[in-house]
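Notes follow the structure.
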Amino acid sequence: MNKKLIFFDIDGTLLDHNKQLQATAKKAIAELKRKGHIVAAATGRAPFTFKPILEELDIDTHVSMNGQYVVFENEAIYKNPLSSNVLQELNNFAATKNHPIIYVNHEDWYSNTENHPLVKRAIDSLKVDQELTYNPKFHHSGEVYQALLFTPEESEQDYWEAFKQQLEFIRWHEHSIDVLPHGGSKAAGIEKLIDHLQIPADDVYAFGDGLNDIKMLQSVRNSIAMGNASDVVKESAKIVTKDVQDDGILHGLRMVGLIKS
């Protein structure tokens with residue numbers, strides 16, 4: 001069998017609804033690695049929020065922050081930071097609506113507000129140990145690969161209209177959307193890694209369940225949506241596996257023939 005490149009989303013794909021790694025998924029990934037395949041995470045999360053997961057799975061390659069930061073064998077091969085000027089425009093626009101923002105890079109995250117209840121609720125759902133740092137001006141001094149904008153769904157269109165030439169927005173939580181550079185996506189980051197490794201399209205696979213996985217599932221030749229994904233995500237994939245809680249990773253790998261037993 002040719003060497004394959006297999007991408008796994010984290011939340012709702014590798015991690016179940018309780019943010020736990022399924023034992024069957026861990027075993028399946030170990031089997032893929034034993035066969036010589038390349039296993040990578042493809043996530044909206046920042047690296048510091050999923051480091052323990054990668055260590056547990058012995059994975060050293062990832063496409064993180066929705067494609068804006070790509071690492072192969074622990075070395076960054078692609079970075080796509082947001083413009084500080086555009087972030088300032090976003091900050092000013094969000095301030096008129098009292099919508100908080102978190103600025104994220106590969107090492108830390110910085111909030112422009114302190115002790116906001118909606119920020120706390122969304123961040124707590126990720127179950128990450130690293131606390132937010134209050135630094136409303138971080139985007140002027142450090143690289144930001146993704147921002148988290150805390151806005152209700154009914155206000156989301158306002159941002160699309162104001163920044164349609166500069167930014168992309170993807171909802172990841174009822175209270176928050178990811179903010180990316182225009183044209184940014186997991187699919188774009190994955191393409192950078194594919195080009196770096198010169199892996200044929202037929203040998204690339206991807207598993208996902210969220211709205212930020214749609215472009216990835218549409219672009220990867222062998223795409224698998226989790227059974228717990230919404231219908232719009234399932235329609236973007238070639239096949240649909242079982243729910244993450246029902247050994248969805250193992251079942252999907254069997255469906256595509258990467259694992260036989």
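Along the sequence shown, the residues carry numbers beginning at 1.
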> Should the heavy atoms of other residues, nucleotides or ligands under 6.0 Å from CG of Asp129 be counted, would the total exceed 12?
Replying inline: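 Check fails, neighbour count at 12 or below.
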> What pairs meet the side-chain hydrogen bond (donor to acceptor under 3.5 Å, both in side chains) rule with one or both residues in residues 194-204, with sequence neighbours excluded?
Replying inline: Lys4-Asp203, Asp202-Arg221
> Pairs in or reaching into residues 241-258: which pass side-chain hydrogen bond (donor to acceptor under 3.5 Å, both in side chains), with residues at least two apart or in two chains?
Replying inline: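 Residue pairs passing side-chain hydrogen bond (donor to acceptor under 3.5 Å, both in side chains), neighbours aside: His17-Asp243, Thr24-Asp247.
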>> Run the side chain to side chain contact (heavy atoms under 4.5 Å, CB included) test against Glu73 and tell me which residues pass, sequence neighbours left out.
In response: Asp60, Thr61
Taking only residues two or more places apart in sequence, or in another chain, which ones meet [X] in a side chain to side chain donor-acceptor pair (under 3.5 Å)?
{"X": "Thr43", "value": "none"}
{"X": "Asp108", "value": "Gln130"}
{"X": "Asp209", "value": "Thr13"}

> Between His99 and Phe150, does the ring centre distance come in under 6.0 Å?
Replying inline: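 Not close enough - the centres of the two rings lie 6.0 Å or further apart.
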>> Before we go on, tell me: are the rings of His139 and Tyr103 under 6.0 Å apart, centre to centre?
In response: yes
Side chains of [X] and [Y]: donor-acceptor distance under 3.5 Å anywhere?
{"X": "Tyr145", "Y": "Glu143", "answer": "yes"}
{"X": "Asn112", "Y": "Asn91", "answer": "yes"}
{"X": "Asn85", "Y": "Glu89", "answer": "no"}

